[in-house]
Engineer: 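Got a structure for you, written out below as structure tokens; questions coming shortly.
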Amino acid sequence: MREINVKRMVVKVGTHTVTRRNGKLDLPQIERVVEQLVSQRMKGMEVILVTSGAIAAGLEVMGMRKRPNDMPTLQAAASIGQVELIHIYSELFGRAGIKVGQILLTQYDIARRQQYLNARNTIGRLLGTGVVPVVNENDTVAVEEIRFGDNDRLAALVAGLVEADLLILLTDTKGLFTADPCRDGQAKLINLVPEIDKKIEELAKGTDKEHATGGMITKIEAARIATSSRVGVVIAHGREKSIIDKIVAGKDVGTYFPPKTKTVGGRKRWIAFGTYPAGKLFIDKGAKEALIHHGKSLLPAGIVGCEGDFRAGDIVEIFDEEGQLIARGLSNYSSDETIRIKGTRSSEAARILGESSCREAIHRDYMVIMRR
Ligand code: GLU
């Protein structure tokens, strides 16, 4: 048995959990998921559902058997399918007298601090009034390069945003295995992952299935985000009987990632995971040492290179000279300014940009070390 005490949880169902093999929505399966959520809600649990299936539902309505590759058609399908999907959830929860609220988010909404906080307030208010928020990516406007895809990261960010106790990622495998269970008969389910290390990352293999995006890699990434936000994570099979009830009861099903007790604050979490970087800085050995081992800010003198077109206040990634990611932070300078002052002492940088400019390229309080 696991010691988990859950009052607020995010449950994510991927496309494979809500569709049949032929890609069509699996209504009895959706009904079984909702029944479990209703029963948890009735016991006083606060529930947020993150659901995929809009594209699949839309393709069904459009009579398309194969998933197309072009974005406008996928977005049109999502637009049509989201109506279907929310209608189904509204109807199913409605049978138990529970109302649902639709939340559609893109990376942009999470990346902008104000919108991030707005989303948090809205979801908080919905929960406070007993409503089940039903979240999906806003596929109709999401730009291809920064799409969440199959919602694993989105669900993790939402779980952190609302300070949930548990994130349940329901999928089409029983969890993370020691090897690919389809190819290796000896493969064993990993019940507990106390730490997401290199070995765990290597076990996670991406999937490439016709009707969805995502796989174990995105689930492990989601687990990393959520556990860093003090949210425990369980990856489990969405079609196993009473799976949500079993997880909440602490039964040893699926793969469990306990929440980290030592975590960074909300702002740093947002810098680390919530945003997408607008540019890259490359730093020398001395600066790397100062950042990683001495908790220092990044000064212009340590910057050896700059890529991308960013403004002051944008989030940038910091790499060492070998190209290894070191940190993320909020840049005090634009890319143009950075190019002008890189490698200079702070006094020289102040002369170039004016005395009122910031001394640090990235202040420590607005920086997160990503790898040690
Ligand atoms: N948000 C998408 C959906 O609901 C994700 C799944 C996909 O890319 O197929 O359909």
Side-chain angles (χ1 to χ4, degrees), residues 10-27 29-30 33-34 37 48-93 100-111 119 123 132-159 161 167-173 206-219 221-222 225 235 238-239 276:
V10 174
V11 176
K12 182 249 163 179
V13 284
T15 302
H16 288 289
T17 308
V18 294
T19 55
R20 281 181 271 144
R21 269 169 203 265
N22 60 9
K24 295 187 173 178
L25 283 185
D26 186 345
L27 289 174
Q29 163 64 12
I30 297 178
V33 170
V34 172
L37 296 180
I48 296 130
L49 175 64
V50 177
T51 179
S52 299
I55 293 180
L59 293 177
E60 191 178 340
V61 175
M62 292 160 94
M64 297 180 77
R65 277 162 176 262
K66 258 193 150 359
R67 185 183 165 106
N69 289 322
D70 71 299
M71 272 303 271
T73 311
L74 287 171
Q75 290 178 312
S79 157
I80 298 166
Q82 183 62 30
V83 180
E84 290 288 303
L85 202 60
I86 203 72
H87 178 76
I88 291 168
Y89 284 117
S90 164
E91 149 80 19
L92 292 175
F93 279 102
V100 297
Q102 174 177 261
I103 311 263
L104 298 177
L105 295 170
T106 62
Q107 284 265 15
Y108 284 115
D109 304 315
I110 306 264
I123 297 176
V132 172
V134 178
V135 183
N136 194 0
E137 178 165 19
N138 194 352
D139 289 314
T140 52
V141 294
V143 185
E144 186 158 22
E145 303 77 59
I146 58 155
R147 278 190 73 218
F148 283 114
D150 205 26
N151 289 348
D152 293 318
R153 271 192 68 232
L154 172 65
L157 290 167
V158 167
L161 182 97
L167 166 65
I168 300 177
L169 298 171
L170 292 180
T171 182
D172 56 357
T173 61
T207 54
D208 180 20
K209 290 181 180 160
E210 205 181 334
H211 294 285
T213 48
M216 244 343 135
I217 292 175
T218 59
K219 285 181 182 58
E221 168 67 5
I225 296 172
I235 301 174
R239 288 174 196 270
Y276 55 92

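In this text, all values refer to a predicted model and were calculated from it rather than measured experimentally. Counting starts at 1 for both ligands and their atoms, following the listed order.
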Engineer: Do ligand 1 and Ala54 have nitrogen or oxygen atoms that lie under 3.5 Å from each other?
Structural biologist: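 Yes, at least one N or O pair falls under 3.5 Å.
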Engineer: Nearest 0.5 Å, please: how far is CD1 in Ile103 from CD1 in Ile48?
Structural biologist: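 It comes to 9.5 Å.
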Engineer: Please confirm whether Gly53 approaches ligand 1 to less than 4.0 Å, judged on its heavy atoms.
Structural biologist: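 So Gly53 counts as touching ligand 1.
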Engineer: Quick one: are Lys12 and Lys219 in side-chain contact, heavy atoms under 4.5 Å?
Structural biologist: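 Answer yes - side chains close enough.
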Engineer: Pairs of nitrogen or oxygen atoms closer than 3.5 Å, one from Thr51 and one from ligand 1: do any exist?
Structural biologist: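 Min N/O separation from ligand 1 is not below 3.5 Å for Thr51.
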Engineer: With heavy-atom distances below 4.0 Å as the criterion, list the atoms of ligand 1 near Asp139.
Structural biologist: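 Answer for ligand 1: 1 (N), 2 (C), 3 (C), 4 (O).
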Engineer: May I ask you to check whether Glu137 has an N/O atom sitting below 3.5 Å from an N/O atom of ligand 1?
Structural biologist: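 N/O-N/O distance under 3.5 Å: no.
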Engineer: Using a strict cut-off of 4.0 Å, indicate which atoms of ligand 1 neighbour a heavy atom of Asn136.
Structural biologist: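 Here the atoms of ligand 1 in question are 1 (N), 3 (C), 4 (O).
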Engineer: Is any NZ, NE, NH1 or NH2 atom of the basic residue among Arg239 and Asp172 found under 4.0 Å from an Asp or Glu carboxylate oxygen of the other?
Structural biologist: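 Between Asp172 and Arg239 there is no salt bridge, as every charged N stays at least 4.0 Å from the carboxylate O atoms.
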Engineer: Nearest 0.5 Å please: distance from the CD atom of Glu91 over to the CD1 atom of Ile30.
Structural biologist: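 CD1 of Ile30 is found 12.0 Å from CD of Glu91.
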Engineer: Below 4.0 angstrom from a heavy atom of Thr15, which ligand 1 atoms are there? Numbered from 1 as shown, please.
Structural biologist: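 What qualifies from ligand 1 is 6 (C).
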Engineer: Which heavy atom of Ser52 sits nearest to which heavy atom of Val18, and what is that distance?
Structural biologist: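 Reported closest heavy-atom pair: O-CG2, 3.6 Å.
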Engineer: What atoms of ligand 1 come within less than 4.0 Å of a heavy atom belonging to Arg67?
Structural biologist: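 Under 4.0 Å from Arg67, ligand 1 has these atoms: 7 (C), 8 (O), 9 (O).
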Engineer: For Asp70, what residues pass the side chain to side chain contact (heavy atoms under 4.5 Å, CB included) criterion, not counting sequence neighbours?
Structural biologist: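 By the side chain to side chain contact (heavy atoms under 4.5 Å, CB included) rule, Asp70 matches Pro68, Pro72, Thr73.
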